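To start, the structure under review is shown below, and the notes come after it.
Atoms within a ligand are numbered from 1 in the order they appear, just like the ligands themselves. These numbers were taken from a predicted model, which means no experiment stands behind them. Side chains are part of it too, since the values below use all heavy atoms of this structure and drop only hydrogens, waters and symmetry mates.
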Amino acid sequence: MSRGATVWLTGLSGAGKTTIAEAVAEHLRAAGREVEVLDGDELRRGLSAGLGFSRQDRDTHVRRVGFVAELLARHGVITLVPVIAPYAATRDEVRAQHDARATSYLEVYVATPLAECARRDVKGLYARAIAGELTGMTGVDDPYEEPDKPDLRLDTTGMDVTTAARQVLDLLIERGLG
Ligand SMILES: Nc1ncnc2c1ncn2[C@@H]1O[C@H](COP(=O)(O)OP(=O)(O)OP(=O)(O)O)[C@@H](O)[C@H]1O
Ligand SMILES: [Mg+2]
């Protein structure tokens with residue numbers, strides 16, 4: 001069996017987490033690997049339905065997703081997790097749970113700056129937050145604690161998706177997981 005791993009893509013809304021995860025997943029599937037994408041938006045409709053955006057609910061969401069990711073990764077699946085995960089302590093908890101089982105865990109900080117994320121405004125959330133119609137928006141009026149030692153830092157400003165995905169794939173190869 002190939003070695004599994006969790007690849008957590010953390011960063012602001014619109015940073016490119018989902019887009020990069022899907023591109024990486026497509027590439028790995030084509031190479032015959034077992035791959036899953038645990039997308040924050042999707043899981044909030046299922047596994048984490050009913051949770052909101054308070055610190056407590058965000059932490060519960062991240063812990064649940066982390067639990068499922070570790071299970072999959074332990075069984076040989078490359079598990080890509082595009083989930084904001086704004087709190088450093090909670091991300092560290094998830095990493096520690098992987099470490100406790102010797103399951104590989106990589107943190108990719110999709111470090112696209114707020115101004116670029118707001119310019120893209122894929123979901124129209126930044127416009128609503130700036131207009132005061134939405135509160136608790138990560139990076140606007142809710143915290144985002146930047147990772148200080150990510151395995152990879154990717155600012156996607158002016159970068160194409162293929163290049164961004166390539167950097168994640170190269171990281172996997174470098175760590176013997178590709
Ligand atoms: N190099 C790049 N990598 C990823 N996305 C890029 C890149 N360049 C431009 N984009 C665009 O940026 C947007 C990123 O949106 P995406 O939904 O992936 O963000 P996200 O980080 O998953 O946000 P959310 O937390 O709201 O789910 C997409 O419209 C994508 O096409
Ligand atoms: Mg997303």
Side-chain angles (χ1 to χ4, degrees), residues 6-30 35-66 68-69 72 78-88 90-91 94 105-131 133-147 150-173:
T6 293
V7 181
W8 199 295
L9 297 103
T10 175
L12 299 174
S13 179
K17 302 180 297 296
T18 298
T19 306
I20 296 167
E22 292 294 348
V24 170
E26 200 181 301
H27 194 283
L28 291 171
R29 280 192 199 108
V35 185
E36 290 291 340
V37 178
L38 303 180
D39 190 71
D41 284 340
E42 257 171 63
L43 293 168
R44 276 185 169 279
R45 290 191 289 272
L47 184 72
S48 290
L51 294 179
F53 294 88
S54 65
R55 171 157 196 168
Q56 193 182 6
D57 281 7
R58 286 174 184 272
D59 282 346
T60 301
H61 176 56
V62 167
R63 289 190 187 106
R64 285 182 189 175
V65 178
V68 176
L72 289 167
I78 298 286
T79 307
L80 298 150
V81 188
V83 169
I84 297 173
Y87 296 107
T90 322
R91 292 193 302 264
V94 173
Y105 181 88
L106 300 174
E107 183 174 74
V108 175
Y109 175 26
V110 186
T112 313
L114 179 64
E116 172 65 9
C117 295
R119 191 192 63 77
R120 292 177 186 175
D121 209 5
V122 184
K123 300 173 180 169
L125 296 175
Y126 289 103
R128 288 178 56 206
I130 289 158
E133 294 163 15
L134 178 78
T135 56
M137 179 73 189
T138 300
V140 179
D141 61 346
D142 217 54
Y144 179 78
E145 298 174 357
E146 291 189 29
D151 295 279
L152 175 66
R153 185 181 189 283
L154 263 180
D155 176 351
T156 68
T157 311
M159 182 187 280
D160 61 27
V161 177
T162 310
T163 306
R166 186 72 255 163
Q167 294 201 34
V168 177
L169 291 162
D170 285 348
L171 172 69
L172 286 166
I173 292 166

Contacting atoms of ligand 1, where contact means under 4.0 angstrom from a heavy atom of K123 = 24 (P), 26 (O), 27 (O)
Contacting atoms of ligand 1, where contact means under 4.0 angstrom from a heavy atom of T19 = 4 (C), 5 (N), 14 (C), 15 (O), 16 (P), 18 (O), 28 (C), 30 (C)
Minimal heavy-atom distance between L38 and P82, with the atoms involved, is O-CD, 3.2 Å
Under 4.0 Å from a heavy atom of I84: give me the atoms of ligand 1 that qualify, with their elements.
-> 25 (O)
Quick one: does G14 get within less than 4.0 Å of ligand 1, heavy atoms only?
-> yes
Do other residues, nucleotides or ligands put more than 12 heavy atoms under 6.0 Å from the CD atom of E145?
-> yes
With a cut-off of 4.0 Å, which atoms of ligand 1 are near a heavy atom of A15?
-> 19 (O), 21 (O)
Would you confirm whether D121, through its side chain, and Y126, through its main-chain N or O, come within 3.5 Å as a donor-acceptor pair?
-> yes
Give yes or no for whether the N/O distance cutoff of 3.5 Å, strictly under, is met between I20 and ligand 1.
-> no
Check each atom of ligand 1 against the heavy atoms of L12 and keep those under 4.0 Å away; list them by number with element.
-> 21 (O)
Do the numbers put R91 on top of the ring of Y144, so that NZ or CZ is under 6.0 Å from the six-membered ring centre and no more than 45° off the axis?
-> yes
For atom 12 (O) of ligand 1, the closest protein heavy atom turns out to be R120 NH1, 3.0 Å
Work out which heavy atom in E116 is nearest to a heavy atom in T157; give both atom names and the distance.
-> CG-OG1, 3.9 Å
Using 2.8 Å as a strict upper limit, say whether an N, O or S atom of T18 approaches the Mg ion (ligand 2) that closely.
-> yes
Identify, by atom number and element, the atoms of ligand 1 in contact range of D41, meaning under 4.0 Å from any of its heavy atoms.
-> 27 (O)
Looking at ligand 1, does any of its N/O atoms fall within less than 3.5 Å of an N/O of A164?
-> no
Heavy-atom donor-acceptor pair, T156 side chain to V161 backbone, under 3.5 Å | no
Take T18 and D39 through the side chain to side chain donor-acceptor pair (under 3.5 Å) test and state the conclusion after the steps.
-> CA-CA 7 Å; T18 298; D39 190 71; 2.7 Å; yes
What's the shortest distance from atom 29 (O) of ligand 1 to any protein heavy atom, and which residue and atom give it?
-> V122 CG2, 3.7 Å
Quick one: does R64's side chain get under 4.5 Å of L43's, heavy atoms only?
-> no
Region of L125 engaging ligand 1 - heavy atom pairs below 4.0 Å | neither
Among all protein non-hydrogen atoms, which one is nearest to atom 25 (O) of ligand 1, and what is the separation to 0.1 Å?
-> K17 NZ, 2.7 Å
Minimum-distance protein heavy atom relative to atom 8 (N) of ligand 1 | M159 O, 3.4 Å
Taking 4.0 angstrom as the limit, do D41 and R45 come out as a salt bridge?
-> no
CD/E133: more than 12 non-hydrogen atoms of other groups inside 6.0 Å = yes
